[in-house]
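Just the heavy atoms: all of them, side chains too, but no hydrogens, waters or symmetry mates, feed the values below.
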Amino acid sequence: MKEKKVVFMGTPEFSVPVLKELIEKTNVKLVVTQPDKKIGRHQTLEPTPIKKVALESNIEVYQPTKIKEEYEAILKHEPDIIITCAYGQIIPKELLEYPKYGAINVHASLLPKLRGGAPLHKCIIDGYEETGITIMYMAEGMDSGDIIAQEKIKIEDLDNVGTIHDKLSSLGASLLTKTLPSIFEGTNDRIAQNEEEVTYAYNITREEEKIDFNRPAKDVYNQIRGLYPYPIAYTLLDDEIIKITESKISEKNTGQIGEITEITKEGITVKCAEKSITITKIKPSGKKEMSVSDFINGRKKEELIGRSFK
């Protein structure tokens with residue numbers, strides 16, 4: 001596959017194993033990624049994880065602000081195939097139709113389930129039992145192209161966004177490597193998505209980060225692990241924002257919804273609509289993540305028991 005000219009488009013850490021595999025197995029002529037972002041108090045420009053890998057491998061990097069208006073530079077490289085993975089912008093039709101072997105995408109869900117930008121979060125938040133990687137042809141509709149290959153993994157009870165991220169990132173690289181030869185040989189599958197089975201995983205909103213204890217404990221538990229380690233679910237204790245990073249389901253079913261009903265070394269138990277949640281790790285406003293035992297150290301339990309998260 002070394003003779004095939006590849007343009008790769010990606011941005012976050014999730015895409016890094018895919019790019020590294022392509023650099024090893026193909027001829028990556030150009031890497032397209034999002035513009036550098038200003039971070040921190042000093043607003044220092046930080047390159048994307050994908051840009052760092054490309055520069056380390058002496059591969060040209062292109063960072064258009066609006067790919068729909070700035071794609072001509074990509075066509076000059078005459079790619080045989082365009083491969084994307086979590087790039088972050090909608091690819092224009094002119095790019096999709098140019099390469100001999102098409103434009104394909106490595107997507108972090110089992111399409112047609114969870115189209116969109118947050119499948120890692122939503123597969124856990126929405127209580128899916130499994131997820132996986134889809135290699136697909138790109139189309140003008142969001143994640144709507146024909147499926148080439150898929151591979152599944154089980155979502156374990158202790159998985160969170162961080163663990164699913166790492167599992168699927170690695171799986172995406174390996175599945176792409178296995179699939180590319182059939183694409184170049186013209187022997188790959190091409191399966192249209194069933195539109196009746198489509199679900200969506202739109203980017204997480206601030207409202208979705210707030211815990212709603214009016215839901216069953218299982219849903220709250222899924223929300224907490226489906227938002228960890230980023231952006232992290234939160235609740236309010238009086239006016240203080242408390243981020244919840246780890247919990248487990250409790251069979252206790254007493255108290256009012258949102259009420260702190262028990263505090264032990266193990267955690268803070270809060271009543272949900274059905275059963276309860278025991279919060280085991282938290283991140284108070286402006287502080288580092290800590291165990292509940294550290295959080296309640298110096299506080300009187302009786303001052304917390306009976307109070308409610310809102």
Peer 1: If the condition is side-chain hydrogen bond (donor to acceptor under 3.5 Å, both in side chains), which residues does Ser276 pass it with, not counting sequence neighbours?
Peer 2: none
Peer 1: Are the side chain of His121 and the backbone of Tyr230 linked by a donor-acceptor contact shorter than 3.5 Å?
Peer 2: yes
Peer 1: Should Glu3 and Asn27 be marked as a side chain to side chain donor-acceptor pair (under 3.5 Å) after you check the CA-CA gap, both sets of side-chain angles, and the distance that decides it?
Peer 2: CA-CA 6 Å; Glu3 74 280 5; Asn27 180 14; over 6 Å; no
Peer 1: Please give the remaining members of the hydrophobic cluster of Val61, linking ILVMFWY side chains under 4.5 Å, ordered by chain and number.
Peer 2: Leu55
Peer 1: Honestly, is Arg115 close enough over Tyr202, meaning NZ or CZ under 6.0 Å from the six-membered ring centre and within 45° of the axis?
Peer 2: no
Peer 1: Kindly check if the number of other-residue, nucleotide or ligand heavy atoms within 6.0 Å of CG (Asn194) is above 12?
Peer 2: yes
Peer 1: Considering non-hydrogen atoms only, spot the tightest contact between Pro216 and Ala273 and give its length.
Peer 2: N-CB, 4.1 Å
Peer 1: For the CG atom of Leu175 and the CD1 atom of Ile148, what is their distance to the nearest 0.5 Å?
Peer 2: 9.5 Å
Peer 1: Hey, quick one: are Ile124 and Tyr221 part of the same hydrophobic cluster, counting side-chain heavy atoms closer than 4.5 Å, chains of contacts allowed?
Peer 2: no
Peer 1: Tell me, do Cys85 and Phe8 make a side-chain contact under 4.5 Å, heavy atoms counted?
Peer 2: yes
Peer 1: For Glu24, what residues pass the side chain to side chain contact (heavy atoms under 4.5 Å, CB included) criterion, not counting sequence neighbours?
Peer 2: Glu21
Peer 1: Hey, does the side chain of Lys93 reach the backbone of Glu97 with a donor-acceptor pair shorter than 3.5 angstrom?
Peer 2: no
Peer 1: Could you grab the distance from atom CD1 of Ile91 to atom CG of Leu96, nearest 0.5 Å is fine?
Peer 2: 7.0 Å
Peer 1: Determine whether Ile282 and Val220 fall in the same hydrophobic cluster, where Ile, Leu, Val, Met, Phe, Trp and Tyr are linked whenever their side-chain heavy atoms lie under 4.5 Å apart.
Peer 2: yes
Peer 1: What's the spacing between Asn160 CG and Ile164 CD1 if we round to 0.5 Å?
Peer 2: 8.0 Å
Peer 1: Could you see if Ile211 belongs to whatever hydrophobic cluster contains Ile125? Use Ile, Leu, Val, Met, Phe, Trp, Tyr and a side-chain cutoff under 4.5 Å.
Peer 2: no
Peer 1: Tell me who clusters with Tyr228, hydrophobic residues only, linked when side chains sit under 4.5 Å apart either directly or through other members.
Peer 2: Ile232
Peer 1: Side-chain contact, heavy-atom cut-off 4.5 Å: Lys2 with Thr26?
Peer 2: no
Peer 1: Less than 3.5 Å apart, which donor and acceptor atoms pair up between the side chains of residues 240-247 and the rest of the protein, not counting sequence neighbours?
Peer 2:
from   : atom 1 : to     : atom 2 : distance (Å)
Thr245 : OG1    : Lys281 : O      : 3.2
Thr245 : OG1    : Glu289 : OE2    : 2.8
Glu246 : OE2    : Thr280 : OG1    : 3.1

Peer 1: Can you list, by chain and residue number, the hydrophobic cluster partners of Ile90 when the side-chain cut-off is 4.5 Å?
Peer 2: none
Peer 1: Quick check: does any side chain N or O of Asp189 sit under 3.5 Å from a backbone N or O of Ile191, one acting as donor and the other as acceptor?
Peer 2: no
Peer 1: Please say yes or no: joined through hydrophobic side-chain contacts below 4.5 Å, possibly via intermediate residues, are Ile147 and Leu171 part of one cluster?
Peer 2: no
Peer 1: Suppose we screen for side chain to side chain contact (heavy atoms under 4.5 Å, CB included). Which residues come up paired with Pro92, at least two apart in sequence or across chains?
Peer 2: Ile67, Lys68, Tyr71, Glu94, Leu95
Peer 1: Do Thr84 side-chain atoms and Tyr87 backbone N/O form a donor-acceptor pair below 3.5 Å?
Peer 2: no
Peer 1: How far apart are the C-alpha atoms of Tyr62 and Ile74, what are their side-chain angles, what is the distance that settles it, and do they pass the side chain to side chain contact (heavy atoms under 4.5 Å, CB included) test?
Peer 2: CA-CA 8 Å; Tyr62 181 49; Ile74 299 172; 3.8 Å; yes
Peer 1: Following the transitive rule for hydrophobic clusters with a side-chain heavy-atom cut-off under 4.5 Å over Ile, Leu, Val, Met, Phe, Trp and Tyr, establish whether Leu30 and Val106 coincide in one cluster.
Peer 2: no
Peer 1: Applying the side chain to side chain donor-acceptor pair (under 3.5 Å) test to Glu46, which of Lys37, Lys38, Lys52 qualifies?
Peer 2: Lys52
Peer 1: Taking distance alone, no hydrogens or angles, what donor-acceptor pairs closer than 3.5 Å link side-chain atoms of residues 132-144 to residues at least two apart or in another chain?
Peer 2:
from   : atom 1 : to     : atom 2 : distance (Å)
Thr134 : OG1    : Ser109 : O      : 2.6
Thr134 : OG1    : Leu111 : N      : 3.1
Thr134 : OG1    : Gln150 : NE2    : 2.9
Tyr137 : OH     : Asn188 : ND2    : 3.3
Asp143 : OD2    : Gly116 : N      : 2.7
Ser144 : OG     : Gly141 : O      : 3.0

Peer 1: Does any part of the side chain of Pro119, heavy atoms only, come nearer than 4.5 Å to the side chain of His107, both counted from C-beta?
Peer 2: yes
Peer 1: Salt bridge (charged side-chain N to carboxylate O under 4.0 Å, His left out) with Asp159: which of Arg225, Lys154, Lys167?
Peer 2: Lys167
Peer 1: Quick check for you: to the nearest 0.5 Å, what is the distance between Glu195 atom CD and Gln193 atom CD?
Peer 2: 6.5 Å
Peer 1: Would you please test Lys5 and Asp80 for salt bridge (charged side-chain N to carboxylate O under 4.0 Å, His left out) and show each step?
Peer 2: CA-CA 5 Å; Lys5 292 183 290 185; Asp80 292 311; 5.4 Å; no
Peer 1: Just to verify, what does Tyr101 make a ring pair (Phe, Tyr, Trp, His ring centres under 6.0 Å) with, not counting sequence neighbours?
Peer 2: Phe184
Peer 1: Just wondering, do Ile155 and Cys123 contact through their side chains at under 4.5 Å, heavy atoms?
Peer 2: yes
Peer 1: Can you confirm whether Phe309 sits close enough to Ile277 that some side-chain heavy atom of one is under 4.5 Å from a side-chain heavy atom of the other?
Peer 2: no
Peer 1: Taking the side chain from Ser57 and the backbone from Ala54, do they hold a donor-acceptor pair closer than 3.5 Å?
Peer 2: no
Peer 1: Ile23 versus Ile59: any side-chain heavy-atom pair under 4.5 Å?
Peer 2: yes
Peer 1: Determine whether Glu274 and Arg215 satisfy the following criterion, salt bridge (charged side-chain N to carboxylate O under 4.0 Å, His left out), listing intermediate values before the conclusion.
Peer 2: CA-CA 7 Å; Glu274 179 185 301; Arg215 302 172 68 195; over 6 Å; no
Peer 1: Please list, chain by chain and in numerical order, all residues satisfying side chain to side chain contact (heavy atoms under 4.5 Å, CB included) with Glu185, sequence neighbours excluded.
Peer 2: Pro181, Thr187
Peer 1: Distance-only, no hydrogens or angles: does the Thr177 side chain make a donor-acceptor pair with backbone N or O of Ala173 under 3.5 Å?
Peer 2: yes
Peer 1: Taking the side chain as C-beta and beyond, is there a heavy-atom pair between Leu22 and Leu176 under 4.5 Å?
Peer 2: yes
Peer 1: Restricting to side chain to side chain contact (heavy atoms under 4.5 Å, CB included), what partner residues turn up for Ile296, sequence neighbours left out?
Peer 2: Ile263, Ile268, Val292, Lys301, Leu304
Peer 1: Test: side chain to side chain donor-acceptor pair (under 3.5 Å). Region: residues 252-264. Which pairs qualify, not counting sequence neighbours?
Peer 2: Asn253-Lys271
Peer 1: Run the side chain to side chain contact (heavy atoms under 4.5 Å, CB included) check on Glu151 and Lys178 step by step: do they pass?
Peer 2: CA-CA 11 Å; Glu151 193 165 332; Lys178 289 189 288 186; 3.1 Å; yes
Peer 1: Would you check if the side chain of Lys210 reaches a backbone N or O of Leu236 as a donor-acceptor pair within less than 3.5 Å?
Peer 2: no
Peer 1: Less than 4.5 Å apart, any side-chain heavy atom of Ile83 and any of Val7?
Peer 2: no
Peer 1: To the nearest 0.5 Å, how far apart are OG1 in Thr131 and NZ in Lys122?
Peer 2: 13.0 Å
Peer 1: With a cut-off of 6.0 Å (strictly less than), are more than 12 heavy atoms of other residues, nucleotides or ligands near NZ of Lys275?
Peer 2: no
Peer 1: Roughly how far apart are Thr65 OG1 and Glu70 CD, rounded to 0.5 Å?
Peer 2: 5.5 Å
